[in-house]
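FYI, side chains are in, hydrogens and waters are out, and symmetry mates aren't considered; it's all heavy atoms of this structure. In the text below, chain A, chain B and the rest are named by the order of the sequence lines, each starting its count at 1. These figures come from a predicted structure and were not determined experimentally.
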Amino acid sequence: MKIWGMVLGGFPRSRYARYALRDRERGVIPFKDDVEAIDRASVQVIGAQLVAGLPVVVDGMIDWHDIFRPFVDAWRNVTVDGLLRYFDNNFFYRIPVFTGEPDPREYVTPRRVLRFKETADPATLKVVLPGPVSFAFMSKNNSGLSNEELAEKIAYILRDEAKKAIEAGASLVQVDEPFLADIDATKDHARLAAELADKIVEGIEDKAVVTVYFNVPEPSVFEELLNTKARYVMVDVVDAPGRAEKLIRGTGFGSHTPVIGAVDARRIIDDKPSFVEKFLKMVDSGVDEAVVTTSTWLDLIPFRYALRKVYVLGRIVEELAEKNGYEAYTIWR
Amino acid sequence: MAGYEVPRKFLTTVVGSYPKIPPAMELIKKRRSGELSEEEFRKLIKGPISEAVKDQIEAGIDIISDGEQSREDMVVYFAERVQGYRPGDWVRIFDNVYFRKPIIIGELKWTREMIVEDWIYATSISMGRPVKGIITGPYTMMEWSFDLKYGDRRELIIELAKIIRREIDELVARGARYIQVDEPALSTRPWREEAELLKEALDVIFKGLDAKRIVHICYGRLEKIIPYILDYPVDQFDLELKNSNFRLLPYLKEYGYDKELGYGVVDVHSLQIETVEEIKGYIDMLMKMDFIGPEKVYVDPDCGLKRLPRSVAKAKMRNLAEAAKLAREEW
């Protein structure tokens, strides 16, 4: 089996990026200075991923206030309201408010790919998109559309976004549906999420990941999600390892390449390779490829620990490959 | 309390924090950098506390707080004073706003009073109004810290509960009659096992305590957690209701809620000041549901007021107190 590692999503801000954003909000520095600080932090996190040997990297989305905000800012007929807790974290996102059918003024991810793909070389860049079900159901919907219709409209915009990101040079498109791990998520949500993810990644299914994190989805929810045509499906196994084990042993990943979120992105302690190994062994007889990733985005821990987690992830992939006779896919091999 | 008679029904109160009044933040920074000793800090922070107390009294609040003027943050403040913690790095809360998530690196131990002096001072200037003793709960301390020492959540939460109990004992010995434990983190993980974990800790905190025992919980999936917490050893749950459009009320009725209720009627995340009529309407709505008597209702904001401008916070309190006064005449 071939194994490789990747970071699931965004990184925390470095001190300089934090200060630069603050100063720009206060009007103390011009726009370009804050962009420079963000770029420096992005280069730093890309560098950390390269040092860890990861073949697919993210730019860190350092400037994203939350997963929805850059898209809210880039689309017409959607704005933001007050704060709402982002799942079970001491982190809050601004609630998107849809006042009509969303209409893109610009695309978010392609220009980022163009900006950072040379920095990422010899690795390739992944872009991360908010899943349309999470987006629609975690927003205030004053659009006149049903949530399902709104999710579909979002999916059509994200389809163009994904296509343009791939044209710009991205190697992987990730669609995040954390809502599916929520206590209120149903099979219907998962069915819709799978259908809409397929619209987004139509024609690029082999370069697509669908992710669920912050909890383990109900088996019936996960089974529906497995109907997606995306090649990769990710599950967070850290939050509730017992339930995750039951899900993987019981439901499995179908015909998808498993992406195991086994490196704890919400705690700062170094992860044990044996924990990751346990989950890899659950899938290694049925597949020829598996991916090890962080249990969620790394932006819930301080910057220096996020960099440390990347190092730990890379080491674990190397160590487990050597120990179990897996083929490690890194930028060096 | 001598000099002030609290109403028999629809008492008004606050959850605790109040906008930082200058120079509170500057003093906190100077204390942290060592420019001020703890003693100097305690002396100087009395200025902002007295302002916070004055605002609450002027607004007509019956049971007040010290405004938590000493506290940079509800977790960091205690972590800086409990042995076994070390300062953490910045972790984002929203937008470009952060807190220094502390790290547990050693055995936790109570070493000194943490909130008693502020409480004593606030009480001395409260004109007879009771002052709540407010402390961050063990579940929230646990969830909003990084743990590099214990590795076992049950062991950790019980250790934190023992420290909190020790502090509460100091407060009660000085005369505190209202003790509030803040647990905003609980509603984020609305599962039975989590609720049971906190119950164990609350048993440590409240067992045999001779004071009004209050737990404040806010945001998240309160309706999911309610069935699991009704047997907590508390006299009152103080709950956020306005922000979630009072969706919790039917659940409280359905589950036969019989404790006192801290009834959150103003949204602390909104700059819009709820009118007296609106707030009175929320109180009427509760009364018409007919599952709780007015003597068990404590009218208050959803949560701490710290993120609001001072003028907005004060206006919200004033309208809340006025609405409660009108409700007392009617119910």
Side-chain angles (χ1 to χ4, degrees), chain A residues 10-15 17-26 34 38 62-66 69 80-95 140 182-184 214-216 239-240 242-243 264 266-270 272 297-308, chain B residues 73-76 87-105 139-151 153 184-194 218-225 240 242-245 267-272 302-303 307:
Chain A
F11 276 71
R13 290 168 188 160
S14 66
R15 183 159 40 130
R18 220 166 58 221
Y19 289 174
L21 281 171
R22 182 198 61 191
D23 289 346
R24 187 160 76 85
E25 280 167 11
R26 291 176 180 173
D34 124 62
I38 298 295
I62 303 286
D63 51 337
W64 291 18
H65 281 341
D66 57 59
R69 191 81 63 86
V80 287
D81 195 5
L83 298 164
L84 205 60
R85 199 187 291 281
Y86 193 55
F87 299 94
D88 58 337
N89 303 293
N90 187 23
F91 175 77
F92 296 78
Y93 71 103
R94 288 213 179 267
I95 310 163
K140 268 188 198 165
D182 189 83
I183 200 165
D184 287 331
F214 289 137
N215 194 3
V216 177
D239 196 65
R243 279 191 284 127
D264 194 337
R266 293 203 274 181
R267 289 168 194 86
I268 58 173
I269 199 159
D270 280 357
K272 291 191 172 79
W297 291 23
L298 285 169
D299 60 347
L300 298 169
I301 56 177
F303 187 70
R304 65 179 164 135
Y305 293 102
L307 298 184
R308 170 87 189 166
Chain B
D73 167 88
M74 66 183 298
V75 172
V76 171
D89 289 340
W90 299 98
V91 173
R92 207 149 57 91
I93 308 175
F94 66 93
D95 293 356
N96 203 33
V97 176
Y98 300 78
F99 90 114
R100 292 180 306 129
K101 191 167 179 175
I103 305 172
I104 299 165
I105 54 162
Y139 189 89
T140 299
M141 287 297 295
M142 174 177 74
E143 286 293 301
W144 293 353
S145 305
F146 290 119
D147 172 27
L148 294 181
K149 165 67 181 169
Y150 288 84
R153 295 173 78 237
L186 180 66
S187 59
T188 66
R189 300 168 71 85
W191 303 305
R192 179 189 289 270
E193 57 270 29
E194 298 298 307
C218 53
Y219 307 105
R221 305 300 177 75
L222 290 175
E223 69 276 16
K224 305 276 183 198
I225 205 92
E240 160 264 315
K242 170 68 168 68
N243 181 267
S244 50
N245 203 21
D267 188 348
V268 303
H269 288 164
S270 166
L271 294 174
Q272 192 182 339
D302 273 350
C303 193
R307 295 218 175 273

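- Contact count versus chain B (heavy atoms, under 4.5 Å) is highest, among A:Ile269, A:Asn90, A:Ile183, A:Asp88, for A:Asn90.
- Heavy atoms closer than 4.5 Å to chain B are found nowhere in A:Asp63, neither backbone nor side chain.
- Residue A:Ile268 touches chain B through both its backbone and its side chain, counting heavy-atom pairs closer than 4.5 Å.
- For the pair B:Thr188 (side chain) and A:Asn89 (backbone), a donor-acceptor distance under 3.5 Å is absent.
- Of the residues considered (B:Arg92, B:Glu143, B:Arg100, B:Arg189), B:Arg92 shows the highest number of contacts with chain A, using heavy-atom pairs under 4.5 Å.
- For A:Phe92, the parts lying near chain B are the backbone and the side chain together; criterion is any non-hydrogen pair under 4.5 Å.
- Residue-environment remark: CD (B:Gln272) stays at or below the threshold of 12 foreign heavy atoms within 6.0 Å.
- Under a 4.0 Å N-O distance rule, the pair B:Arg153/B:Glu194 qualifies as a salt bridge.
- Both the backbone and the side chain of B:Trp90 come within contact range of chain A, judged by heavy atoms closer than 4.5 Å.
- With hydrogens and angles ignored, the 3.5 Å screen pairs a side-chain donor or acceptor of A:Asp66 with a backbone N or O of A:Arg94.
- Between chain A and the options B:Thr140, B:Leu148, B:Val97, B:Asp147, the largest number of non-hydrogen pairs under 4.5 Å is found for B:Leu148.
- Considering only residues two or more places apart in sequence or on other chains, B:Arg307 meets the side-chain hydrogen bond (donor to acceptor under 3.5 Å, both in side chains) condition with none of them.
- At a 4.5 Å heavy-atom cutoff, the contact between A:Tyr305 and chain B is made by side-chain atoms alone.
- The backbone N or O of B:Asn243 lies less than 3.5 Å from a partner atom in the side chain of B:Asp302, making a donor-acceptor pair.
- Every ring pair (Phe, Tyr, Trp, His ring centres under 6.0 Å) that B:Tyr219 has, sequence neighbours left out, goes to B:His269.
- Residue A:Asp81 does not touch chain B at all, counting heavy-atom pairs closer than 4.5 Å.
- Most heavy-atom pairs under 4.5 Å with chain B: of the set A:Glu25, A:Arg304, A:Arg15, A:Arg267, this distinction falls to A:Arg304.
- Within the 3.5 Å criterion, the main-chain N or O of A:Arg18 finds a donor-acceptor partner in the side chain of B:Asn96.
- When heavy atoms are compared at a cutoff of 4.5 Å, B:Arg221 approaches chain A solely by way of its side chain, counted from C-beta outward.
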